[in-house]
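Written below as C-alpha cells is the structure these notes are about.
Per chain, numbering begins at 1; letters A, B, ... match sequence-line order. Any value given below was found using the heavy atoms of this structure, including those in side chains, with hydrogens, waters and symmetry copies removed. Only a predicted model underlies this, so the values are computations on that prediction, with no experimental measurement involved.
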Amino acid sequence: MPSFTAAEIEALIPRLRRFARALTGSAEAADDLVQDTLERAWVKRELWQAGTNLRAWLFAVMHGVFINGVRRVRATESLDAPDFVGVDRADAEASAETAIAVRDLRRALLRLPDEQRQVVLLVGLEQLSYAETAQVMGVPIGTVMSRLARGRERLRQLLEEGLPDRHGLRRVK
Amino acid sequence: MDEEQLHAYVDGTLSDAARASVEVHLAAHPEDAARVGAYRAQNEALHRAFDAVLDEPHGLHFRAPRRDRWRWPAALAATFVGGAVIGALLHASWGGRGAAAGTVAIARQAAVAHAAYMPEVRHPVEVAASDEQHLVAWLSKRLDTPVRAPSLVAAGYRLLGGRLLPPAGEAGAAPVALFMYENAQGKRLSLLVRREATATDTAFRFAQQGATNVFYWVDGPLGYALAGDVGRDELSAVAQGVYRQLNP
C-alpha cells in the first residue's frame, strides 16, 4: 500500500497546475496534463517509495506523461486568451509595464526547447534541487546543469532582445 | 568560476563559504554579475507570472481513473451488433487522443451556457423545435459544417430548439450551436456543438461545475458537450444515445 493519502496528493495539485501552466502556456492544455498525471499517478501509486519526495515523484510522473505524448501538446502562444491566468488577474493588479514583462516572459519561455524549459521551471519556479530535477527528468545531474545554463542564457537573450510581435516587429525598449 | 557555482548562487543553495567566494568573483567580473542578476530576475519573474495559478479553483482530484472515461467506449461497443466496427473506431480514437488537448474548454462553455439559458422560461431558445428544419439549416450554415439535432425522445427528452452562441476563443472563429431539450418534469439538458480546431476524436470525458454535469467528446470535426443538472448515470445514458445517433 502506498503510504501517502489522496489528500497529500491533492494538496500538491496547485503546484502541478502552476508548473503545467508555465510548461504548456495554456490553461486548458495544462489542466489536461495535470489530469493525465493524476490518473497515471493513481495507476502507479504503489511504485512510490516511502520516504522520498512526493512532489518530485509527481513531477516525474508528469514528465513521463508530457514526453510520452500521451497528451502531447505543442506549446502554443495562446497567451492572449482571456482565460490565461495573469492576463485577467495578476496583470490587472500590476502595472502595465509589469504585465508586458510577464507576457514577454511567458512567450520567451515557450521558445525554449522543451527540455530546457522544464529544467528552468523545475529549478526556478518549483525550486526543486538539481538532484531532484535530475531524478524527475531521468537524466544525469550534469545534463540538468547544462540545460539550466543554456535555458537561462537563452531566456535572458530573448528577454533582452525583445520579442518580435505578431507582425514581426520588435518592440523598442 | 565554475558555471555550476553561479547557478547554485542564483538558486541560493550554496554554503556560506561558497557564496562568499562567488561574491568575490562577481565583484571582479561584471559580466558574470550581470548574468547572475538576470537569472535571479528570471526566477522572480516566474513567480510573478505563475503564482496566481496556485490560488485558482480547479476540479481536479486524485482518484481512480473514471470508469466511463476509460472503459465506457468498450462497453458501449459491446452493446451493439457490429460492435467490432465501433470498437475499432473507438480504439482508433484512443490512439489519436494525444492531440486532443484543450477539450476541457468545451465542457466549461457548455456548463456556462447551460446555466445561462436553462432557467429561461420564455426564451430558452432562439429557434423553436417546431421549426427544426430551419434551425438545423441555419446552425449548419453558421458553423459551416453539417450539424444535427439528435433526438433524445428515447431518453424522455424532447427538443425545445436551439440557439447560436459566440465562439469561446477569438473573434472570427466559427460560432457555436446550442440545442436545448426538456423532459416531462421540466428538466433541461443542453447539447453544445462546435467546430474543433484539432479534429481528433477523443474518448468520452466527464466534467462537473457546481450542480451541472457535463459529458463531452470530440468526434470528427465537431466537439460535443452535453450538460445538465441531472445525475451522472442518467446523463451518461443520454450521452451514449447522442453518440449512437451521430455514429449510426
Task: Close side-chain approach of B:His47 and A:Gln127, heavy atoms under 4.5 Å - done: yes
TODO: Flag the one option from B:Glu3, B:Glu44, B:Glu4, B:Gln42 with the top tally of heavy-atom pairs under 4.5 Å to chain A.
DONE: B:Gln42
Task: Interface residues of residues 16-23 of chain B facing chain A - non-hydrogen atoms under 4.5 Å apart - done: none
- [ ] Write down the atom of B:Ala49, the atom of A:Val102, and the distance for their closest heavy-atom approach.
- [x] CB-CG1, 3.7 Å
- [ ] Could you look at A:Phe19 and say if it's the side chain, the backbone, both or neither that has a heavy atom under 4.5 Å from chain B?
- [x] neither
Task: Positions in residues 26-38 of chain B that reach chain A, provided some heavy atom is under 4.5 Å away - done: B:Arg35, B:Ala38
TODO: Go through the structure and list residues passing side-chain contact (heavy atoms from CB on, under 4.5 Å) with A:Asp31, not counting sequence neighbours.
DONE: A:Arg17, B:Leu60
Open item on the list: A:Arg106 vs B:Leu46, test: side-chain contact (heavy atoms from CB on, under 4.5 Å). Steps then yes/no.
Closed with: CA-CA 8 Å; A:Arg106 293 192 193 121; B:Leu46 286 172; over 6 Å; no
TODO: Go through the atoms of B:Ala41 and report whether side chain, backbone, both or neither lie under 4.5 Å from a heavy atom of chain A.
DONE: neither
Task: Which atoms of A:Leu16 approach chain B - backbone, side chain, both or neither, heavy atom under 4.5 Å - done: neither
- [ ] Could you check if a side-chain atom of B:Arg205 sits within less than 4.5 angstrom of a side-chain atom of A:Asp32, using non-hydrogen atoms only?
- [x] yes
TODO: Would you check if the side chain of A:Glu10 reaches a backbone N or O of B:Phe62 as a donor-acceptor pair within less than 3.5 Å?
DONE: yes
TODO: Report yes if the side chains of A:Gln35 and B:His61 come closer than 4.5 Å at any heavy-atom pair, otherwise no.
DONE: no
TODO: Please examine the side chains of B:Phe50 and A:Leu109, heavy atoms only from C-beta on, and report whether any two atoms are closer than 4.5 Å.
DONE: yes
- [ ] Measure A:Ile9 against the heavy atoms of chain B and call it side chain, backbone, both or neither at under 4.5 Å.
- [x] side chain
Open item on the list: Out of A:Ala6, A:Ala30, A:Gly124, A:Ser129, return the one with the most heavy atom pairs under 4.5 angstrom to chain B.
Closed with: A:Gly124
Open item on the list: Whether A:Arg152 and B:Asp11 form a salt bridge (side-chain N of Lys/Arg under 4.0 Å from carboxylate O of Asp/Glu) is what I want to check.
Closed with: yes
Task: With sequence neighbours excluded, residues passing salt bridge (charged side-chain N to carboxylate O under 4.0 Å, His left out) with A:Glu153 - done: A:Arg156
